[in-house]
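Single-structure report; data block below.
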Number of protein chains: 2
Amino acid sequence: MPQRTKKAGAAKIRSVAFRRIRADHSSELAEDYVELIADLIDEKGEARGSDVAMRLGVANATVVKTLKRLQDAGLVSQEPYRSIFLTGEGWKMAEDGRRKHKIVEAFLLALGVSEETARIDSEGIEHHVSDETLRAMARFLARKVM
Amino acid sequence: MPQRTKKAGAAKIRSVAFRRIRADHSSELAEDYVELIADLIDEKGEARGSDVAMRLGVANATVVKTLKRLQDAGLVSQEPYRSIFLTGEGWKMAEDGRRKHKIVEAFLLALGVSEETARIDSEGIEHHVSDETLRAMARFLARKVM
DNA sequence: CGGAAAGTTTAGCATTGGCTAAACCTATTG
DNA sequence: CAATAGGTTTAGCCAATGCTAAACTTTCCG
C-alpha cells in the first residue's frame with residue numbers, strides 16, 4: 001500500500017515542523033531575555049531585574065525565577081541583589097538575536113507595513129525564521145535598496 | 001525629567017509586544033489542533049486522536065488532555081473512543097488559520113526559499129503575523145503574479 | 001461469540017512560566 | 001548610625017504542556 005506509506009511519511013515530515021516550533025519556544029524566552037539584557041546594558045550601563053520585568057511586562061518574581069534557569073544554562077551571571085551580566089555565550093546569543101531582529105524588522109518595513117506593526121510582528125516572527133528565510137529577506141532588502 | 005518619562009513610555013510600548021507574543025502562544029496550540037483536525041477530516045473523512053498525535057509528534061495522552069481543554073473552549077466535540085469533530089467556532093478558527101497559512105507559505109515561496117523551508121517556517125510564523133502584515137504579503141504576491 | 005490485538009483514556013509525574021504576598025537586603029537620610 | 005523607603009528575593013500557589021505506564025474499550029478474527 002504505497003498510499004499508506006506516503007501518508008505516514010508526510011505525517012512524519014509534518015511533525016518535524018511542530019517539533020521545531022516547540023523547541024523554538026523554549027529557546028525563545030531565553031533569547032528575549034538576553035537580547036533585552038544586552039540592550040539595557042548598552043543603554044543604561046547595567047541591567048537590573050526590575051527593568052527586565054518592566055520591559056517584558058512580567059512580575060519581578062518571574063524574572064528572578066527565569067534568570068536562575070538562564071544562569072544554569074550558562075547565559076547570564078548575577079549575584080543576589082546585584083545587576084545582571086551576560087556570559088560570553090549570552091552575548092553571542094544576544095548578538096545573534098539582534099541581527100535577526102534587525103533584518104526581520106527592516107524587511108517588514110520594506111514590505112510596507114507601519115513602524116508599529118513592524119516592531120510588534122518582528123518580535124514574534126524573529127524566533128521562527130530559519131537562516132534560509134533570513135537570507136531571502138536580506139536579499140530582498142539589498143535588491144530594494146538598489 | 002522628560003528623559004525618564006520617555007524611557008518608561010517606550011518600555012511600556014515594548015512590553016505590549018511581549019504580552020501579545022505570550023497571548024499568541026496560548027492560542028497557537030489551539031489553532032494548530034483545529035487546523036490539523038480540519039485537514040484530517042477533509043483528507044480522510046475523520047480525525048482520530050492518534051492521527052493528531054502522530055502529525056504533531058506528540059504522545060497520545062497529550063492529545064487527549066489538550067482536546068479536553070479545546071472542548072471546554074467550545075472548539076471541538078468528541079465522545080470517548082470516538083473521532084473528533086469541530087464546532088462551528090472550531091471550523092471558523094481552522095479556516096482562518098488555513099487562510100493565513102496559505103498566504104504565508106506562498107509568500108515565502110515567492111520570496112525564493114525552498115519548499116521545505118517554506119513549509120516549516122510558515123508553520124511557525126503564521127501565528128505571529130498581524131492582519132496588516134498579512135495584507136502586505138498578499139499585496140506582494142499579487143504584484144509578483146502580474 | 002469469545003478472546004487477543006489495537007486503539008484510547010486515566011493516573012501520576014515533571015517542567016516551564018506566570019502570579020501575589022511576605023520576608024529580606026541596601027541605601028539614603030535625618 | 002539607626003530607621004525607613006525602596007528594590008529584590010523567597011515561598012507557595014496555579015495552569016499549560018509534555019511524558020510513561022497501566023487500565024480500559026473496541027474491533028476483528030477464528
Side-chain angles (χ1 to χ4, degrees), chain A residues 1 4 8 11 15-34 36-37 40 44-73 75-85 123-124 127, chain B residues 4 8 11 15-34 36-37 40 44-73 75-85 124 127:
Chain A
M1 9 174 127
R4 223 199 163 304
S15 78
V16 169
F18 289 113
R19 274 178 200 286
R20 221 211 48 199
I21 289 169
R22 286 199 299 277
D24 285 350
H25 279 171
S26 27
S27 50
E28 206 171 317
L29 198 82
E31 282 171 29
D32 284 342
Y33 268 76
V34 296
L36 183 46
I37 290 165
L40 284 167
K44 352 172 90 180
E46 66 165 5
R48 313 226 104 234
S50 51
D51 293 330
V52 174
M54 204 207 310
R55 294 228 190 164
L56 289 178
V58 122
N60 237 288
T62 301
V63 170
V64 173
K65 207 186 276 190
T66 305
L67 284 178
K68 213 157 280 165
R69 275 202 306 279
L70 297 186
Q71 204 159 4
D72 290 348
L75 295 168
V76 313
S77 71
Q78 189 194 19
E79 307 289 299
Y81 298 99
R82 289 282 125 75
S83 64
I84 309 158
F85 296 92
E123 203 81 64
H127 304 288
Chain B
R4 225 202 161 299
S15 78
V16 169
F18 290 114
R19 276 177 199 287
R20 221 211 50 199
I21 289 169
R22 285 197 300 277
D24 286 349
H25 279 172
S26 28
S27 50
E28 207 170 316
L29 197 83
E31 281 170 29
D32 284 343
Y33 268 75
V34 296
L36 183 46
I37 291 165
L40 285 167
K44 354 173 88 177
E46 67 164 5
R48 314 226 103 235
S50 51
D51 293 331
V52 174
M54 204 206 311
R55 295 226 190 166
L56 289 178
V58 123
N60 236 288
T62 301
V63 170
V64 173
K65 207 185 277 193
T66 305
L67 284 178
K68 214 158 279 163
R69 274 201 308 278
L70 297 185
Q71 205 158 5
D72 290 348
L75 294 168
V76 314
S77 71
Q78 189 194 20
E79 307 289 299
Y81 298 99
R82 289 281 125 75
S83 63
I84 309 158
F85 296 92
H127 304 288

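Since the structure is predicted, the reported quantities are computational estimates derived from the model, not experimental observations. Here is how names work: the chains are called A, B, and so on, in the same order as the sequence lines, proteins then strands, and each is numbered from 1.
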Rounded distance (Å) that lies between atom C1' of C:dC25 and atom CD of A:E79: 14 Å
Side chain of A:A61 - closest among D:dG7, D:dC13, D:dT10: D:dT10
A:Y81 OH to C:dA23 P, straight-line distance once rounded to whole Å: 13 Å
Short side-chain N/O contact from B:T66 to OP1 or OP2 of D:dA16, under 4.0 Å: no
CA sep, side-chain torsions, deciding dist, call: B:L75, B:I37, side chain to side chain contact (heavy atoms under 4.5 Å, CB included): CA-CA 11 Å; B:L75 294 168; B:I37 291 165; over 6 Å; no
Minimum-distance nucleotide to A:N60 side chain [options: D:dT9, D:dC13, D:dT20]: D:dT9
Any B:Q78 side-chain N or O less than 4.0 Å from OP1/OP2 of C:dT9: yes
Side chains of A:E46 and A:I84 in contact at under 4.5 Å (non-hydrogen atoms): no
Proximal nucleotide (of C:dG17, D:dG18, C:dC19) relative to the B:L29 side chain: D:dG18
N or O in side chain of A:R22 less than 4.0 angstrom from D:dT17 OP1/OP2: no
Short side-chain N/O contact from B:R48 to OP1 or OP2 of C:dT8, under 4.0 Å: yes
A:R69, nearest nucleotide to its side chain (from D:dC24, C:dT26, C:dG17): C:dG17
Matching residue for B:H127 among B:E31, B:H25, B:E28 - test: side chain to side chain donor-acceptor pair (under 3.5 Å): B:E31
Of A:S50 and A:R19, the one whose closest DNA chain D nucleotide lies more 5': A:S50
Length of the CZ-C1' vector between B:R82 and D:dT25, whole Å: 9 Å
Interatomic distance where CZ belongs to B:F18 and C1' belongs to C:dG18 [whole Å]: 16 Å
Between C1' of D:dT8 and CD1 of A:I84, the distance in whole Å: 11 Å
Rounded distance (Å) that lies between atom C1' of D:dA16 and atom CG of B:L67: 14 Å
Touch class at under 4.0 angstrom, heavy-atom based, for B:E28 against every strand present: nothing
Whole-Å distance separating the CG atom of B:D24 from the P atom of D:dA16: 17 Å
Side chain to side chain, A:V58 and B:R19, heavy atoms closer than 4.5 Å: no
Gap between atoms NZ and P, on A:K65 and D:dG12 respectively (whole Å): 12 Å
Shortest non-hydrogen contact between A:S83 and A:R48, atoms and distance: N-NH2, 3.5 Å
Minimum-distance nucleotide to B:K68 side chain [options: C:dT10, C:dT8, C:dC24]: C:dT10
Closest-nucleotide ordering on DNA chain C, the 5'-leading residue of B:P80 and A:T62: B:P80
B:Y33 side chain reached by B:V63 side chain, heavy atoms, under 4.5 Å: yes
Closest listed nucleotide, where the reference is the side chain of A:V64 and the choices are C:dT9, D:dT9, C:dT10: D:dT9
